[in-house]
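One structure, pasted below without further comment.
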Amino acid sequence: MFMSRLLRRVLLSATKSESSSALFSTSASVTKVRNPLEEFFEAERNIEDEKPVTYGRGWKASELRLKSWEDLHKLWYVLLKEKNMLMTQRQMLHAQNLRFPNPERIPKVRKSMCRIKHVLTERAIAEPDPRRSADMKRMINAL
């Protein structure tokens, strides 16, 4: 965990000089510029916390069937960002010979993504227009 924080600080310090110059150049802007690399790391938390962090469960297909096309699209990208963050963290810890905490999170995200694809495929098959159905299947397979 220490090494991940150290690596994060090194990555952030390299971009802080760029973001601070951009922040000072616009005096009317008071908001802090956020580094997009921060999304690849979990938020820092205290190691001394006695209470273990619990994570949610994966999405069920029955729950996903109730969602709209737009909601499934948004959820897909949220899960994709979560998967990228977890894979980055796992790779970084593996390179340092450290144990990845909560490895069961990755299969939950993958299963949820597979279930979204399954629900979208069901909708594409049920589509009465064959052209639109073929377009939907092509788009789903590209995910």
Side-chain angles (χ1 to χ4, degrees), residues 1-26 28-47 49 51-143:
M1 217 33 144
F2 172 74
M3 292 302 290
S4 65
R5 289 183 183 161
L6 180 66
L7 180 62
R8 190 176 321 145
R9 288 184 184 136
V10 169
L11 288 173
L12 294 177
S13 66
T15 57
K16 275 190 180 179
S17 61
E18 296 172 9
S19 64
S20 63
S21 64
L23 185 65
F24 291 123
S25 65
T26 58
S29 174
V30 182
T31 61
K32 181 182 175 191
V33 177
R34 187 172 168 177
N35 186 357
L37 289 176
E38 290 178 2
E39 294 180 12
F40 285 101
F41 301 99
E42 272 189 305
E44 289 188 31
R45 60 177 192 270
N46 241 343
I47 297 174
D49 287 344
K51 193 175 11 169
V53 178
T54 57
Y55 297 97
R57 60 175 175 77
W59 286 85
K60 295 180 181 177
S62 59
E63 296 169 336
L64 295 171
R65 285 185 188 103
L66 302 174
K67 301 254 178 227
S68 68
W69 181 269
E70 291 80 20
D71 288 343
L72 290 175
H73 185 79
K74 290 175 188 174
L75 182 59
W76 174 267
Y77 283 102
V78 167
L79 289 170
L80 186 63
K81 282 176 66 175
E82 179 76 11
K83 182 177 137 187
N84 284 339
M85 186 265 306
L86 291 172
M87 299 297 274
T88 302
Q89 184 180 14
R90 184 177 75 171
Q91 183 65 28
M92 185 177 61
L93 291 172
H94 178 70
Q96 300 167 4
N97 292 327
L98 296 174
R99 191 179 71 80
F100 178 61
N102 300 320
E104 67 276 0
R105 291 172 62 191
I106 295 174
K108 287 179 186 178
V109 171
R110 283 186 180 153
K111 285 180 184 177
S112 295
M113 292 175 83
C114 287
R115 289 178 182 145
I116 288 176
K117 285 181 87 167
H118 180 75
V119 168
L120 291 175
T121 303
E122 287 177 347
R123 291 182 186 181
I125 291 170
E127 178 66 38
D129 183 21
R131 271 193 193 171
R132 184 160 182 210
S133 176
D135 288 341
M136 289 170 72
K137 288 177 187 175
R138 199 174 309 113
M139 192 228 26
I140 292 166
N141 289 333
L143 290 176

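Predicted model only: the values in this text are computed from it and were never measured.
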Exercise for the section: Using a cut-off of 6.0 Å, state whether more than 12 heavy atoms not belonging to Arg131 lie near its atom CZ. Expected result: no

Handout entry: Nearest atoms (heavy-atom pairs only) where Leu64 meets Leu75
Key =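 It is CD2-CD2, 3.5 Å.
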
Practice task
Please round to the nearest 0.5 Å and tell me the distance separating atom OG1 of Thr88 and atom CG of Leu93.
Solution key: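 If we round to the nearest 0.5 Å, Thr88:OG1 and Leu93:CG are 10.5 Å apart.
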
Counting only pairs under 3.5 Å, give me each side-chain donor-acceptor contact of residues 136-143, with atom names and distances, residues two or more places apart or in other chains.
{"from": "Arg138", "atom 1": "NH1", "to": "Asp135", "atom 2": "OD1", "distance (Å)": "2.8"}
{"from": "Asn141", "atom 1": "ND2", "to": "Lys137", "atom 2": "O", "distance (Å)": "3.2"}

Problem - Residue pair Phe100 / Ile106, side-chain heavy-atom distance below 4.5 Å - result: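 Side-chain contact under 4.5 Å: yes.
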
Handout entry: Stepwise salt bridge (charged side-chain N to carboxylate O under 4.0 Å, His left out) check, Glu63 with Arg115
Key = CA-CA 10 Å; Glu63 296 169 336; Arg115 289 178 182 145; over 6 Å; no

Practice task
Taking all heavy atoms of Pro101 and all of Gln89, pick out the closest pair and write down the distance.
Solution key: CG-NE2, 4.3 Å

Handout entry: Closest contact, heavy atoms only, Arg123 versus Arg65
Key = NH2-O, 3.1 Å

Practice task
Working to the nearest 0.5 Å, report the span between CZ of Arg90 and CG of Asn102.
Solution key: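 So the CZ of Arg90 and the CG of Asn102 are separated by 13.5 Å.
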
Problem - Closest heavy-atom pair and its distance - Ser133, Ala124 - result: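 Looks like OG-O, 2.7 Å.
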
Practice task
Taking side-chain contact (heavy atoms from CB on, under 4.5 Å) as the test, write out the residues that go with Arg99, two or more places apart.
Solution key: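 If we apply the side-chain contact (heavy atoms from CB on, under 4.5 Å) test to Arg99, skipping adjacent residues, there are no hits.
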
Handout entry: Lys117 NZ: over 12 foreign heavy atoms closer than 6.0 Å
Key =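 Buried by this count: over 12 neighbours within 6.0 Å.
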
Practice task
Nearest 0.5 Å please: distance from the CE atom of Met87 over to the CD atom of Glu82.
Solution key: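 Taking CE in Met87 and CD in Glu82, the distance rounds to 12.5 Å.
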
Problem - From CE (Met113) to OH (Tyr77), nearest 0.5 Å - result: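 One finds 9.0 Å between CE of Met113 and OH of Tyr77.
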
Practice task
Identify the two heavy atoms, one from Gly58 and one from Ser112, that lie closest to each other, and give their separation to 0.1 Å.
Solution key: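 The pair with the smallest heavy-atom distance is CA-OG, 3.4 Å.
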
Practice task
I would like to know whether Arg105 and Met85 meet side chain to side chain contact (heavy atoms under 4.5 Å, CB included); could you show each step before the answer?
Solution key: CA-CA 11 Å; Arg105 291 172 62 191; Met85 186 265 306; 3.8 Å; yes

Problem - Reported CG-to-CG distance for the pair Leu120 and Leu72, which is rounded to 0.5 angstrom - result: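 Reported value, rounded in 0.5 Å steps: 5.5 Å.
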
